[in-house]
Amino acid sequence: MHGFANPARFLKIARWLTMPLLVSGLVISMCAVLWGLTQVPPDRLMGETVRILFVHVPAAWLSMGGWSAIAIASLAELVWRHPLAAIAARAAAVPGATFTAICLATGSIWGRPTWGTWWVWDGRLTSMLVLLFLYFGYIALSSSLAREGQSSRIAAIFGLVGAINIPIINRSVVWWNSLHQPPSITMGQSAIDPVFLWPLLIATLGFSLLFGGVVLARMRAILADIQAEARLRRKALQAEESLA
Amino acid sequence: MREALDQWLFVYAALGITLAGTLALVLSSWHAMRRAEKRREETRKR
């Protein structure tokens, strides 16, 4: 892990990976969604709305995956003082929040024809909404700390504490009565017919690659900003010294 | 027939939101990266 601690080495790899991840992610996810839209038969109970599965589930996976990435990066920052960990956590926050919002919106749209309501205050939906607010809080906190030039340790602690919500989201449909269905895919098992499962897995892979590309692009942006600021500060100091 | 038409509207709405959100995220991240890297190069030249 510390092999990537050198920003120059990281940037070399990130420059090589960003575009392929973005392009392959876009192509794979769009092909899988089109597959789900045109080749998959309607579900016996949900009818045509089952096709929302191919965007809702990857969004849900990435919303939780995004916060898990923040928590792991926060741990790496606090324990090992990894120099890129805080940057990786900051870079994962906006994509994570975007996919959480997409998950909530598509779930609400799916809920109307299948449950007869746009929203219920049950365990799964409420804990996902809490996750969106956690993302907003994290983005505001980490951005303000970076702007003030302060340590990102408080944001890292926030990232770790917020991870408590991830197992709550995962187990919410088991712990509490919910309109939301119980888990369809567990470790090594699936209750989903292969005709739905394959495009779903491919869509999840595509959106995950896209997420990786976006995180790398945002990390490059944050690093470039830091380097530009440091350079400007150094030049200002040199100009001050030469005047004195 | 009416029900099938309504179901497709929900599907298209969900796909539209996902597509718009994803493209906005990708494009804004890409432009932010290009802008920041351009600024870094300009500070190097100064």
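Naming: A, B, ... by sequence-line order, numbering from 1 per chain. Since the model is a prediction, treat every value here as computed from it, not as a measurement.
- The local environment of CH2 in A:Trp61 is sparse, with at most 12 non-hydrogen atoms from other residues, nucleotides or ligands closer than 6.0 Å.
- One distance of note links CG of B:Leu15 with CG of A:Leu37; it measures 5.5 Å at 0.5 Å rounding.
- Between the OG atom of B:Ser29 and the CE atom of A:Met219 there is a distance of 13.0 Å, given to the nearest 0.5 Å.
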Exercise for the section: Show the numbers, then the answer: is there a side chain to side chain contact (heavy atoms under 4.5 Å, CB included) between B:Tyr12 and A:Arg51? Expected result: CA-CA 9 Å; B:Tyr12 289 137; A:Arg51 298 170 207 286; over 6 Å; no
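- Contacts of A:Ser29 with chain B are absent, with no heavy-atom separation under 4.5 Å from either backbone or side chain.
- The residue among A:Leu210, A:Ile222, A:Val55, A:Val94 with the most heavy atom pairs within less than 4.5 Å of chain B is A:Val55.
- In this structure, B:Thr43 OG1 and A:Leu232 CG are separated by 5.5 Å, a value rounded to the nearest 0.5 Å.
- The part of A:Ala105 that comes within reach of chain B is its side chain, from C-beta onward, which places non-hydrogen atoms under 4.5 angstrom from that chain.
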Handout entry: A:Arg231/B:Glu41 under salt bridge (charged side-chain N to carboxylate O under 4.0 Å, His left out): CA gap, chis, key distance, verdict
Key = CA-CA 10 Å; A:Arg231 201 164 283 146; B:Glu41 292 312 308; 5.9 Å; no
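- Here the straight-line distance linking atom CG of A:Leu216 with atom CE of B:Met33 works out to 9.5 Å at 0.5 Å rounding.
- A heavy-atom distance below 4.5 Å is not found between the side chains of B:Asp6 and A:Pro113.
- The minimum heavy-atom distance between B:Ala36 and A:Ala221, with the atom names listed, is CB-O, 3.4 Å.
- In this structure, the separation between CE on A:Met46 and CZ on B:Phe10 is 14.5 Å, given to the nearest 0.5 Å.
- Here the side chain of B:Arg40 pairs no donor or acceptor atom with the backbone of A:Asp225 at under 3.5 angstrom.
- Counting only distance, with no hydrogens or angles, the side chain of B:Gln7 and the backbone of A:Glu48 share a donor-acceptor pair below 3.5 Å.
- In this structure, the portions of A:Thr49 lying under 4.5 Å from any heavy atom of chain B include both its backbone and its side chain.
- Annotation: A:Trp198, atom CH2; neighbour count of heavy atoms from other residues, nucleotides and ligands within 6.0 Å does not exceed 12.
- With a threshold of 4.5 angstrom between heavy atoms, A:Phe211 does not approach chain B through any atom at all.
- Just one of A:Val50, A:Thr106, A:Ile109, A:Ile52 meets the side chain to side chain contact (heavy atoms under 4.5 Å, CB included) condition when paired with B:Val11; it is A:Ile52.
- When heavy atoms are compared at a cutoff of 4.5 Å, A:Ile226 does not approach chain B at all.
- With a 4.5 angstrom heavy-atom cutoff, A:Leu34 does not touch chain B via any of its atoms.
- Chain A forms the most heavy-atom pairs under 4.5 Å with one residue out of B:Leu23, B:Leu19, B:Thr22, and that residue is B:Thr22.
- The number of heavy-atom neighbours closer than 6.0 Å to CZ of B:Arg34, taken from other residues, nucleotides and ligands shown, is 12 or below.
- Neither the backbone nor the side chain of A:Arg234 comes within contact range of chain B; no heavy atoms are under 4.5 Å apart.
- Only the side chain of A:Phe99 comes within contact range of chain B, with heavy atoms under 4.5 Å apart.
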